[in-house]
Amino acid sequence: MSWSTDDRRLGMDRAISRRDFLNGAAVLGAAAALPLIGRPVFAQASPYPPALTGLRGQTDADFAVMHSIRDGTFWDTAGAPTATGEHYDLIVVGAGLSGLTAAHLYRHQKPGARVLVLDNTDDFGGHAVRNEFTAGNGRLVIGYGGSESLQTPSFFTPAVNQVLADIGVDVEALGRCYDQAWAEDRGLGEGVFTTREAFGADALAVYGDDDAEWIAKTSLSDKAKADLLALYEAPTDPFDGKTREEKFAALADLPYAAFLTDTLGLDPQLVEFFDNWTKPYFGAGVRAVSCLDARVVECPGFDAMDLGDDVWPTMSPSGRLVAKGPDP
Ligand SMILES: Cc1cc2nc3c(=O)[nH]c(=O)nc-3n(C[C@H](O)[C@H](O)[C@H](O)COP(=O)(O)OP(=O)(O)OC[C@H]3O[C@@H](n4cnc5c(N)ncnc54)[C@H](O)[C@@H]3O)c2cc1C
């Protein structure tokens, strides 16, 4: 292969894993970060990363690099850094949304600037990477590798909206293209599955208007069922007499699990019952999530406390977003 002067200036004649160009900014994946982290170079044509499956990026080989730094053995095998002769106006380490945005904004301010974005994984996007695979029926499925969607675009700042417009992301299209009535149109509802491992028997209870009816179908103990029904149908206010501000302060410091058992004196089975309710959004179970945050993902028990609809500074930012998020 013959290399042009420009190619050589970019280092295209050297053995690197891959070098992608995003509107003029070079993005190097995997071993291309060699001068920074000292990994072995492999010089093959890389397959298209989103179509790869399995653990990518944070592999044993990646951990071994950091372990050798920890153990003080890194420079025993890393070899001496060599000058590549490349010159950049900006080098960004990390090709996630933050790094790509930094590179984009820099070039916006200085058109024609030479920007190098380094990433230790094989694709750009960081946690917001995309996956795709061909299903058994031959259909191509494209999905998210990490982040699922744009979080509350109505709250985006003008600066964020400007970047999205610059790179051609049509946020409004999401509202049009995502079939928000998909489940409803098919008569699908929600329910809860209590497992044999946690509750002694497998049971599926589909939610309905009558709480007593669906609670009876769970495999909770009779005491836990009665406590759960009371939590929905006859909530109390354990902070009666306190101001709303004092209640918010108390609830911000109180994990939902402790609220159920210590504050309300309910059956401990309910901690296991609700443990998965906070995980999808907050990434943690009810022993680690405060009552204020648990409340916004519909954990019950707060209806008698006169808390109002306002968000509160002691809620987590994610809790405030979901409580007030205007986007469907
Ligand atoms: C489970 C989960 C779900 C989420 N869901 C959503 C959602 O639905 N909507 C939403 O808006 N947000 C969501 N977020 C948040 C969103 O994913 C992140 O805020 C965003 O992707 C972070 O981008 P970043 O560029 O700051 O970091 P990252 O995406 O983590 O990018 C950092 C990049 O730097 C690389 N890197 C690190 N160290 C080095 C090094 N030494 N050399 C070279 N490269 C390096 C990493 O490999 C990575 O590619 C979610 C987050 C999580 C954890």
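Heads up: numbering here begins at 1 and tracks the sequence.
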Taking atom [atom1] of [X] as the centre, report whether more than 12 heavy atoms of other residues, nucleotides or ligands fall under 6.0 Å from it.
X      : atom1 : result
Arg196 : CZ    : no
Asp179 : CG    : yes
Lys110 : NZ    : no
Phe63  : CZ    : yes
Glu245 : CD    : no
Tyr144 : OH    : no
Glu172 : CD    : no

Do the side chains of [Y] and [X] get nearer than 4.5 Å, heavy atoms only?
X      : Y      : result
Tyr281 : Val289 : no
Asp309 : Lys324 : yes
Arg287 : Pro255 : no
Val117 : Phe124 : no
Leu220 : Asp267 : no
Phe155 : Leu321 : yes
Phe273 : Asp227 : no
Trp214 : Val206 : no

Please report the interatomic distance [atom1]([X]) to [atom2]([Y]), rounded to the nearest 0.5 Å.
X      : Y      : atom1 : atom2 : value
Ser154 : Asn161 : OG    : CG    : 9.5 Å
Glu233 : Asp303 : CD    : CG    : 11.0 Å
Gln269 : Leu260 : CD    : CG    : 12.5 Å
Asp202 : Ser219 : CG    : OG    : 7.0 Å
Tyr256 : Thr261 : OH    : OG1   : 11.0 Å
Tyr207 : Asp209 : OH    : CG    : 14.0 Å

When you group the ILVMFWY residues by side-chain heavy-atom contacts below 4.5 Å and let the links chain together, are [Y] and [X] in the same group?
X      : Y      : result
Met315 : Val322 : yes
Trp312 : Phe282 : yes
Val163 : Val169 : no
Val93  : Leu97  : no
Val129 : Val92  : no

For [X] and [Y], which heavy atoms make the closest approach, and how far apart are they?
X      : Y      : value
Leu231 : Pro300 : CD2-CG, 3.7 Å
Gly125 : Leu100 : N-CD1, 4.2 Å
Tyr88  : Val115 : CD2-C, 3.9 Å
Val171 : Leu164 : CG2-CD1, 3.8 Å
Ser290 : Leu251 : CB-O, 3.8 Å
Lys223 : Gly265 : NZ-O, 4.4 Å

ask   = So Phe156 and Leu150, side chain to side chain contact (heavy atoms under 4.5 Å, CB included) or not? Walk me through it.
value = CA-CA 10 Å; Phe156 285 174; Leu150 293 168; 4.2 Å; yes
Could you list the donor-acceptor pairs under 3.5 angstrom formed between side-chain atoms of residues 132-141 and any protein atom two or more places apart in sequence or on another chain?
residue : atom : partner : partner atom : Å
Glu132  : OE1  : Arg130  : NE           : 3.2
Glu132  : OE1  : Arg130  : NH2          : 2.7
Asn137  : OD1  : Arg139  : N            : 3.0

[X] side chain to [Y] main-chain N or O, any donor-acceptor pair under 3.5 Å?
X      : Y      : answer
Thr73  : Asp76  : no
Glu184 : Ala181 : no
Lys247 : Asp240 : no
Thr236 : Pro238 : no

task = Output, in order, the C-alpha distance, side-chain angles, deciding distance and verdict of side chain to side chain contact (heavy atoms under 4.5 Å, CB included) for Tyr178 and Ser149.
result = CA-CA 11 Å; Tyr178 186 94; Ser149 60; over 6 Å; no
ask   = Among all residues two or more places apart in sequence or in another chain, which pass the side-chain hydrogen bond (donor to acceptor under 3.5 Å, both in side chains) test with Gln162?
value =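 side-chain hydrogen bond (donor to acceptor under 3.5 Å, both in side chains) list for Gln162, sorted by chain: Asp166.
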inquiry  = Could you go through Phe239 and Glu246, starting from their C-alpha distance and side-chain angles, then the distance that decides it, and tell me whether this counts as side chain to side chain contact (heavy atoms under 4.5 Å, CB included)?
reply    = CA-CA 9 Å; Phe239 303 113; Glu246 287 168 339; over 6 Å; no
inquiry  = Can you list everything that forms a salt bridge (charged side-chain N to carboxylate O under 4.0 Å, His left out) with Asp89? Sequence neighbours excluded, please.
reply    =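 Result, salt bridge (charged side-chain N to carboxylate O under 4.0 Å, His left out) vs Asp89: none returned.
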request  = Start with the C-alpha gap between Thr278 and Cys299, add the side-chain angles, then the distance that decides, and say whether side chain to side chain contact (heavy atoms under 4.5 Å, CB included) holds.
outcome  = CA-CA 8 Å; Thr278 52; Cys299 289; 4.2 Å; yes
Test item: side-chain donor near acceptor, Asp185 and Trp182, under 3.5 Å =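 No.
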inquiry  = Applying the side chain to side chain contact (heavy atoms under 4.5 Å, CB included) criterion to Phe274, which one of Val297, Val192, Leu228 satisfies it?
reply    =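 That would be Leu228; it is the only one of Val297, Val192, Leu228 passing the side chain to side chain contact (heavy atoms under 4.5 Å, CB included) with Phe274.
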